Amino acid sequence: MSLILGIESSCDETACAIVKDGFEVLSSAVASQIAIHAKLGGVVPELAAREHLKALDPVVSQALDQAGVSASDIDCVAVTQGPGLIPALLVGLSYAKGLASNLNVPLVGVNHFMAHIYGAFLDGTAEELTDPAGYPLLALVVSGGHTSLVLVSEDGTARQLGCTIDDAAGEALDKGSKLLDLGYPGGPIISKVAENGDPEAYNFPRPLTGGAGKPLAPEHRYNFSFSGIKTALLYHTQRLGGVKNIKDSLLYDTVASYQMAVVDTLTRKTMLAAKDFNVKQIVLAGGVACNKLLRQLITEKAPKGVKVRIAPPKYCTDNAAMVAGIGFHSFIRNEFISHDADSFARLPGIVKVPFLG
Ligand code: KG4
Ligand code: ZN
């Protein structure tokens with residue numbers, strides 16, 4: 001039996017979790033900085049780093065307490081190395097180095113994207129994770145900072161097929177909400193408000209889908225672009241007399257249509273890649289995977305015979321259970337990192353997942 005302690009600090013959540021043998025989550029503590037960044041309308045990296053520093057000791061104690069284990073029971077520390085905000089990542093990585101050396105256990109570095117994908121397999125079994133019938137696997141990793149389509153092959157190589165060329169989908173929801181004076185973070189607010197509106201009321205653009213009479217450029221086949229949707233929303237609100245003057249019913253329709261444009265674009269691109277690469281499984285991951293409409297459309301539109309896996313919301317937003325979970329596989333393969341390992345901001349071209357091949 002192996003107990004892995006995971007640490008996550010890539011963005012604005014400080015998290016620690018204890019996971020047994022890669023799948024059984026004994027505890028998952030998350031300290032969110034949302035309230036702090038909300039006042040500023042977005043995440044400020046240096047501020048996030050300082051908050052991580054304050055929150056790490058308490059979340060680690062909380063995770064150990066909730067799991068009912070003591071630090072000396074831990075077999076390995078797993079930490080998010082990247083991609084993410086460098087100042088934020090560095091705090092978690094340095095802390096994890098110190099903790100691993102204090103406990104005299106090895107340290108493994110975790111790729112945040114692969115951890116998000118792994119989140120969909122937590123509380124499951126090794127058979128489900130490694131079943132060859134589930135590969136190639138296509139993951140839509142969609143959060144406040146990222147929007148990527150990642151293809152994981154049976155040999156364990158993962159490569160990014162495409163990503164956003166400007167804003168992330170979560171950012172489009174967050175900024176859309178800000179523009180409409182609805183608050184931060186926009187994702188959950190938009191999905192709540194949208195429930196009262198008609199998603200077909202207004203036709204916001206579906207960028208890079210080959211709509212609007214513009215053929216889809218081959219280099220953007222799997223890429224996304226969400227900054228135009230935001231601008232369309234701005235002009236739309238101006239046409240309706242400005243944010244302060246929109247009638248409630250029109251506001252609800254606006255939000256529902258805006259959400260639909262983002263979600264429909266994500267779904268169309270995912271299905272395009274799923275068919276092109278003849279994938280056997282689609283995983284929806286990252287904070288925006290909490291979105292009900294997205295969960296519904298990805299499930300409905302998946303090609304026949306393709307499995308869809310979506311993590312419960314607590315493993316979609318940033319958490320450390322996914323870090324400790326995937327970290328277990330690096331641990332049993334003796335894939336450790338040294339104490340001079342660095343954080344990284346972007347997803348490397350090709351990544352090897354530690355649970356296949
Ligand atoms: O993965 P995550 O916790 O952090 C990043 O790495 O960014 O994702 C946060 C993002 C935010 O943009 C937030 O608005 C979005 O996930 N989000 C949602 C929902 N809950 C969180 N987006 C849409 N619908 C939701 N229910
Ligand atoms: Zn994330």
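First listed ligand is number 1; within each ligand, the first listed atom is number 1. The shown structure was predicted, so the numbers you read here are calculated from the model rather than taken from an experiment.
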Looking at [X], which atoms of ligand 1 are within less than 4.0 Å of one of its heavy atoms?
X: Leu173; value: 22 (N), 23 (C)
X: Glu13; value: 3 (O)
X: Gly145; value: 7 (O)
X: Asn291; value: 23 (C), 24 (N), 25 (C), 26 (N)
X: Thr317; value: 3 (O)
X: Gly170; value: 12 (O)

Classify the angle between the aromatic ring planes of Phe336 and Phe331 as parallel (below 30°), tilted (30 to 60°) or perpendicular (above 60°).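 Tilted.
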
Check step by step if side chain to side chain contact (heavy atoms under 4.5 Å, CB included) holds for Lys307 and Asp131. CA-CA 12 Å; Lys307 278 185 238 172; Asp131 183 359; 3.8 Å; yes

Considering only heavy atoms, which of [options] lies nearest to [atom]?
atom: atom 23 (C) of ligand 1; options: Ser10, Ala194, Gly187, Cys290; value: Gly187
atom: atom 4 (O) of ligand 1; options: Val30, Ile34, Asp318, Leu85; value: Asp318
atom: atom 13 (C) of ligand 1; options: Val43, Val142, Asp174; value: Asp174

Does His116 have a heavy atom less than 4.0 Å from any atom of ligand 1? yes

For the Zn ion (ligand 2): protein N/O/S atoms at distances below 2.8 Å: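 My tally for this metal is 3.
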
